[in-house]
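Below, each value reflects all heavy atoms present in this structure, side chains not excepted, and no hydrogens, waters or symmetry copies. For clarity, every value in this text was computed on a predicted model and none was experimentally measured. For reference, positions follow the sequence shown, starting with 1.
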Amino acid sequence: MAILPLSSICVFAQDTNKEVMHSTAFGFSGGVNEVYDSYLSPYSYSDAVDFRVQRETARMTKLAGGRVSNQTFIDANFGYDLFDEGSPFYYAGGVRYGQAWLYNFRDCNIVNPAERTDRRWNYAAGLQASAYVGGVYLDRSGNNPGQLKMDATVNATGIVTYAFRRKKHRPIMLSYQLTFPLMGVAFSPNYGQSYYEIFELHNYDHNVVFVNTFNMPSNRHRLLVDIPVRKAYLRLGYDVQVNQAKINNLEYKNTTFDFMVGFTKYLYRR
């Protein structure tokens, strides 16, 4: 497939805005994950199994002269740990939805760098609006066995891609994305407050809390490689997520390490 020279990128601005990248990947890890929730237990639990599904859609827009790309990202996971005898000890999981707008520097194109630019390195950075709903359930945890997790944040995110160019073949694409929260709001019971007090007695006690990089120092790392296979790309990667917060005198941390396998495809919107 022919590679376009840098001087011809502007000619394809309208076509680029109509091109969409879709990716679906499935992840799994076991024995390296960790959950700690001081509301449920004073102990940290590790050696958990985690399953993950990610759906990503990206396209270039007409903003800033066609340099801004949009990324829709859906991430869902479910994890659990077991007693030594094999019965479940805790469950943890949730779904995060994000919409990001990233500025592509210079002549970069992170949506389809294989065909829309001959640059090996491509860079983009911007902001993401994100919402999360999930929870943790700890078996045999007394009157409050479960903990609801909800937040809505504005995140900083950046992507770097590198193309391994090969003669007469489509390049192998390597990419890395880092995302972390800047500010937002999160739901949390207060220290010693039960969910019965919140939802039945309607006793509000600072249950919607302002969060930022300091009291919610979470981060997500995605290292991916897309290998051309026929008309699509095989996606292999590693996803590391550190979700943690220190609010209302409570601490929470959920760390997952997932190996990802999926596929990537480029479509043209008529």
Q: Do any pairs count as a ring-ring contact (aromatic ring centres under 6.0 Å, His included) and have a residue in residues 210-242, sequence neighbours left out, and if so which ones?
A: Y233-Y266

Q: Got a second to check how far Y191's OH is from E251's CD, nearest 0.5 Å?
A: 11.0 Å

Q: Report the distance from atom SG of C108 to atom OH of Y103, rounding to the nearest 0.5 Å.
A: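 Those atoms lie 9.5 Å apart.
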
Q: Has K149 got its NZ or CZ under 6.0 Å from the middle of the six-membered ring of Y252, at an angle within 45 degrees of the ring axis?
A: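 Flagged: K149 positioned over aromatic ring of Y252.
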
Q: Between M150 and L148, what is the shortest heavy-atom contact and its length?
A: CE-CD2, 3.8 Å

Q: Indicate whether the side chain of S29 and that of D258 have a donor and an acceptor atom separated by less than 3.5 Å.
A: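 There is such a pair (donor and acceptor under 3.5 Å, judged by atom type) between the side chains of S29 and D258.
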
Q: Return yes if a side-chain donor-acceptor contact under 3.5 Å exists between Q193 and N207, otherwise no.
A: yes

Q: Any chance you could measure E56, atom CD, to F73, atom CZ, to the nearest 0.5 Å?
A: 6.5 Å

Q: Sequence neighbours excluded, which residues qualify as side-chain hydrogen bond (donor to acceptor under 3.5 Å, both in side chains) partners of N249?
A: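 If we apply the side-chain hydrogen bond (donor to acceptor under 3.5 Å, both in side chains) test to N249, skipping adjacent residues, there are no hits.
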
Q: Would a 4.5 Å heavy-atom cut-off, applied to side chains only, mark L224 and L236 as touching?
A: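 The answer is no, as the side chains (C-beta and beyond) never meet within the 4.5 Å cut-off.
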
Q: Salt-bridge test for D151 and R96: reply yes if a basic N is under 4.0 Å from a carboxylate O, no otherwise.
A: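 Salt bridge between D151 and R96, a charged N being under 4.0 Å from a carboxylate O: yes.
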
Q: Go through N109 and N104 one step at a time and tell me if the side chain to side chain donor-acceptor pair (under 3.5 Å) criterion holds.
A: CA-CA 6 Å; N109 185 317; N104 292 248; over 6 Å; no

Q: Let's go through N155 and T157 carefully: what are the C-alpha distance in whole Å and the side-chain angles of both, what is the deciding distance for side chain to side chain donor-acceptor pair (under 3.5 Å) to 0.1 Å, and is it a yes or a no?
A: CA-CA 6 Å; N155 307 324; T157 186; over 6 Å; no

Q: Before giving the answer on ring pair (Phe, Tyr, Trp, His ring centres under 6.0 Å), spell out for F28 and F26 the whole-Å C-alpha distance, their side-chain angles and the decisive distance to 0.1 Å.
A: CA-CA 7 Å; F28 171 79; F26 303 89; over 10 Å; no

Q: Between D75 and R52, is there a side-chain N and carboxylate O pair less than 4.0 Å apart?
A: yes

Q: Any chance CZ of R120 has more than 12 other-residue heavy atoms, nucleotides or ligands included, within less than 6.0 Å?
A: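 Correct, the count exceeds 12.
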
Q: Roughly how far apart are I110 CD1 and T161 OG1, rounded to 0.5 Å?
A: 7.5 Å

